[in-house]
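What follows is a single structure, written as structure tokens, with notes after it.
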Amino acid sequence: MREAGQAMVEQAGADEELLEAPARGSADELLDAGAHDALDAMRHSAAHVMAEAVLDLFPGAKLGIGPAIADGFYYDFDLPRPLTPDDLESIEARMRESIAAGHPFVRKEIPLDEARAVAEGQGQTYKVEILDDLARRAAEAGEPPPVTSFYEHGPFSDLCKGPHVASTGKIGPLKLLSVAGAYWRGDEKRPMLQRIYGTVWETDADLERYLWRRAEAKKRDHRRLGVQLDLFSFHDVSPGSAFWHPKGQTIWRTLESAMRELQLRRGYQEVSTPIVVSERLWRQSGHWDLYRDNMFLVESEGQTFSLKPMNCPESTFIYRSRLRSYRDLPLRFNEYGRLHRNERSGTLSGLTRVRQFIQDDAHIYVRPDQLADEIVALLGEVREAYGWFGLKPRFSFATKPDKAIGDPALWERAERLTIEAFAAADISYELKPKDGTFYAPKIDIYIDDALGREWQMATIQIDLTMLPERFDLTYIDEHGTEQRPIAIHRAIYGSLERFIGILVEHFAGAFPLWMAPVQAVIIPIADRHLEAARELAAVMRVRGLRVEVDASDGRMQNKIRLAQEQKVPYMMVLGDREIEARTASPRTRAGEQQPADGWEDLAARLAAESSARRPD
RNA sequence: GCCGACAUAGCUCAGCGGUAGAGCAGCUGUUUCGUAAACAGCAGGUCCUCGGUUCAAAUCCGAGUGUCGGCUCCA
């Protein structure tokens with residue numbers, strides 16, 4: 001990865017559109033600049049031009065940092081007053097002037113102490129801090145203070161590694177997007193700066209496409225569609241917790257029963273454990289020290305309880321409720337446990353960041369010799385379940401971090417068996433060295449949604465120590481001696497709330513037939529067709545289909561439009577012709593008219609289509 | 001939690017010191033209609049909450065609550 005990055009930077013440096021990157025300096029430093037290609041150089045250059053504009057409009061503004069980021073750039077400023085949307089317009093206008101002027105970017109090298117004196121003279125305290133850090137890092141590495149580089153364009157100069165485009169005129173079409181608060185260096189104990197986000201592209205068409213993508217994402221926003229489709233709502237009496245409406249709950253139950261069906265087939269046994277649990281349990285599990293701030297506490301009769309933030313410790317009580325034989329393993333306990341985590345108020349966001357949620361959680365207890373087979377099976381479960389939604393999971397494998405508990409030999413074995421399991425299941429994965437949890441190596445599962453956004457979804461953790469040792473789990477092996485099982489924590493949907501939120505956006509609310517809250521709407525043309533419409537609905541409901549009859553006195557065209565807006569997969573218009581022949585001709589939400597079919601046959605066909613759980 | 005913005009009818013939003021508005025949804029009536037919006041009428045609001053300024057506050061100021069954009073992509 002390092003090598004690839006370096007090669008890219010060198011390639012970029014060779015591009016004549018780019019100002020040459022510094023010859024000296026490690027690949028790491030170059031990577032830190034985030035300037036990987038021409039577009040990044042352009043974005044980083046735009047950040048400089050924005051800083052120029054801000055300094056011009058707000059003399060005395062202090063500069064933080066201004067890197068290129070995915071899709072654009074930002075720059076952090078310490079300003080005398082909060083910025084308004086009008087300010088963004090005038091800053092953008094000033095940037096256009098600088099771009100029109102076509103100032104060349106000029107690289108200057110200045111000894112560090114000299115640069116520091118200049119920055120201090122200008123009152124640029126954040127730049128001084130950066131320079132001091134550079135000096136300190138060099139000193140720690142036993143190197144002399146490095147020579148620093150500045151990039152100048154027109155009246156503006158900024159400490160910067162580069163590379164940049166040749167001149168401000170080479171900066172493509174841009175737009176400033178938003179202002180947000182950002183702590184200096186991401187540290188909440190440091191001053192809060194104002195961050196301006198912007199986007200730059202090589203062509204107008206690219207910019208348009210990006211803005212369209214943003215607008216599209218906004219239209220698909222699950223918080224918006226959740227209201228439109230009547231799925232769920234949020235209320236200030238319980239911030240961060242969804243109120244599920246009937247249709248949302250139907251989706252919920254449908255996903256849950258699909259997973260239950262899979263779990264039944266795979267030999268899981270469902271359990272349920274208390275939500276209010278004594279602090280004593282959390283002390284034993286270690287959560288009390290590490291996680292207490294995120295737990296809701298409840299006092300009763302002088303004892304402290306908490307709403308459980310995770311299920312895992314409690315499942316061990318069921319494991320230990322009797323003596324376990326090696327013949328009992330694997331034991332697969334799944335639980336749809338309701339969890340509460342007291343997330344900081346500012347981080348809450350729709351269904352994707354909540355305080356209360358339910359996981360399709362499971363804890364699987366295996367003998368070491370069963371681990372590899374179990375992981376292969378779990379990877380298969382993930383693939384199967386994600387196939388219901390047409391999602392293609394990508395896998396990563398995170399290994400033992402530096403601060404880890406437990407026997408190194410067990411770690412080594414678990415990691416080796418996991419890698420073998422990937423091979424056996426013929427699944428490729430990205431290795432993330434030292435990125436596991438302190439108690440377990442873990443497999444994380446990612447998907448890209450319909451808009452190309454990446455989401456971290458399921459997780460599989462191979463727990464060698466936390467549950468087995470802290471809760472003293474044992475089984476009796478074939479020689480009559482006590483052994484420690486391995487515990488696997490796994491969630492495939494993860495939080496159902498979050499998963500449904502992602503699905504709403506992925507499908508833009510047009511759910512596949514099998515999970516649509518209303519699968520078909522029957523539309524009688526006139527009142528005299530209502531009775532037959534109800535009959536057809538009954539025929540379909542017998543097959544387990546979720547069907548509604550639009551009995552309102554609106555016109556058929558309007559009923560179609562409403563069903564269309566609700567993204568109902570099938571509409572059946574019933575008039576004299578259909579009723580005479582006891583047929584119906586489904587109209588799909590894509591506008592396709594399917595051939596007429598007898599009621600029974602149609603119901604059977606749609607029911608079969610639904611139970612196939614196809615993603616389209 | 002912190003910074004900024006926002007909070008008006010069920011929904012989307014206008015009004016921004018002088019008696020609360022529109023479209024959609026709802027209700028009532030007329031219409032009974034062939035594949036994406038029939039017509040008319042009616043009803044609907046402690047303008048988020050509390051406090052302040054003012055002859056007068058949805059509008060200005062302060063506090064609180066909630067929501068939204070962000071807060072480790074480090075020259």
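Sequence lines set the chain letters: A, B, ... in the order given, protein chains first and strands last, and positions in each chain run from 1.
Here Asp221(A) pairs with Arg223(A) in a salt bridge; the nearest charged N to carboxylate O distance falls below 4.0 Å.
A straight line from CD1 of Ile65(A) to P of U72(B) spans 10 Å, rounded to a whole angstrom. For the pair Tyr74(A) OH and C74(B) C1', the computed distance is 7 Å after rounding to whole Å. Atom pair Glu578(A):CD and U35(B):P shows a separation of 11 Å (rounding to whole Å applied). Spacing between atom CG of Leu229(A) and atom P of U12(B) amounts to 13 Å, rounded to whole angstrom units. Rounded to whole Å, atom P of A5(B) lies 11 Å from atom CG of Asp87(A).
Within 4.0 Å of Thr347(A), counting heavy atoms only, lies at least one base atom of the nucleic acid. Among the atoms of the strands shown, none is found under 4.0 Å from any heavy atom of Phe150(A). When heavy atoms are screened at a 4.0 angstrom cut-off, Ile130(A) is found touching the sugar-phosphate backbone but no base atom. Backbone-only engagement by Gly350(A) is indicated by non-hydrogen atom pairs under 4.0 Å involving sugar-phosphate atoms exclusively. Base contact: Asp576(A) has a heavy atom under 4.0 Å from a base atom.
Between C55(B) and G64(B), the distance separating the two P atoms is 28 Å to the nearest Å. Atom name P, nucleotides G45(B) and A9(B): the rounded distance is 11 Å, in whole Å. With P as the reference atom, A14(B) and U72(B) are 32 Å apart, rounded to whole Å. Spacing of C1' atoms, A63(B) relative to A25(B), comes out at 36 Å, to the nearest Å. Atom P of C16(B) sits at a distance of 13 Å from the matching atom of U59(B), rounded to the whole Å. Annotation: C3(B) and G51(B) have their C1' atoms spaced 25 Å apart (nearest Å). Atom P of U19(B) sits at a distance of 23 Å from the matching atom of G10(B), rounded to the whole Å. The same atom, P, is picked in G41(B) and in U49(B); the two are 33 Å apart, to the nearest Å.
Relative to the six-membered ring of Tyr74(A), Arg195(A) meets both conditions, a distance below 6.0 Å and an angle of at most 45° to the axis.
Using modelled atom types, one finds a donor on one side chain and an acceptor on the other under 3.5 Å when comparing Asp158(A) with Tyr75(A). Between the side chains of Tyr183(A) and Arg185(A), not a single donor N or O lies within less than 3.5 Å of an accepting N or O. Trp184(A) and Asp76(A) share no side-chain donor-acceptor pair at under 3.5 Å. Between the side chains of Ser98(A) and Glu52(A), at least one donor N or O sits under 3.5 Å from an acceptor N or O. For the residue pair Tyr151(A) / Arg107(A), a side-chain donor-acceptor distance below 3.5 Å is found, with atom types taken as modelled. The closest side-chain donor-acceptor pair between Gln594(A) and Arg605(A) falls under 3.5 angstrom.
Neither OP1 nor OP2 of C74(B) sits under 4.0 Å from any side-chain N or O of Tyr75(A). Taking only side-chain nitrogens and oxygens, Arg195(A) never comes nearer than 4.0 Å to OP1 or OP2 of G69(B). Arg587(A) has a side-chain polar atom (N or O) that falls below the 4.0 Å cut-off from OP1 or OP2 of A36(B). For the pair Arg223(A) and U67(B), the criterion of a side-chain N or O lying under 4.0 Å from OP1 or OP2 is not met.
With C2(B), U35(B), C71(B) as the choices, the nucleotide that has an atom nearest any side-chain atom of Met192(A) turns out to be C2(B). Counting only heavy atoms from C-beta on, Pro239(A) has its side chain closest to U67(B) among C71(B), U67(B), G4(B). Across G69(B), C71(B), C33(B), the shortest atom-to-atom separation from the side chain of Ser178(A) is found for G69(B). The nucleotide whose nearest atom lies closest to any side-chain atom of Arg528(A) is, among C33(B), C2(B), G34(B), C33(B). Closest approach to the Ile69(A) side chain among C73(B), G66(B), U32(B) is made by C73(B) (side chain taken as heavy atoms from C-beta onward).
The aromatic rings of Phe243(A) and His235(A) sit perpendicular to each other, their planes meeting at more than 60°, with 30° as the lower class boundary. A perpendicular orientation is assigned to the rings of His48(A) and His44(A), their planes being inclined by more than 60° (bins at 30° and 60°).
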Stepwise, does the salt bridge (charged side-chain N to carboxylate O under 4.0 Å, His left out) test hold for Arg213(A) with Asp71(A)? CA-CA 11 Å; Arg213(A) 216 168 75 211; Asp71(A) 300 332; 3.4 Å; yes
What's the verdict on salt bridge (charged side-chain N to carboxylate O under 4.0 Å, His left out) for Arg116(A) and Asp132(A), showing C-alpha distance, side-chain angles and the deciding distance? CA-CA 8 Å; Arg116(A) 191 187 185 285; Asp132(A) 284 346; 2.6 Å; yes
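No close placement of the Tyr446(A) and Trp455(A) rings is indicated, their centers lying 6.0 Å or farther apart.
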Intra- and inter-strand pairs of RNA chain B in dot-bracket (Watson-Crick or G-U wobble, both distances under 3.5 Å; | for another strand): (((((((..((((....[..)))).(((((.......))))).....(((((..]....))))))))))))....
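Within 6.0 Å of CD in Glu140(A) there are more than 12 heavy atoms belonging to other residues, nucleotides or ligands.
The stretch residues 179-188 of chain A touches RNA chain B through Ala180(A), Gly181(A), Ala182(A), Tyr183(A), Arg185(A), Gly186(A), each having a heavy atom within less than 4.0 Å of the strand. For the segment residues 556-564 of chain A, the set of residues with a heavy atom within less than 4.0 Å of an atom of RNA chain B comprises Met556(A), Gln557(A), Asn558(A), Ile560(A), Arg561(A), Gln564(A), in numerical order.
Contact of Asp236(A) with U65(B) (side chain to base): no donor-acceptor pair of N or O atoms is detected under 3.5 Å. Below the 3.5 angstrom threshold, one finds no donor paired with an acceptor across the side chain of Gln194(A) and the base of G70(B).
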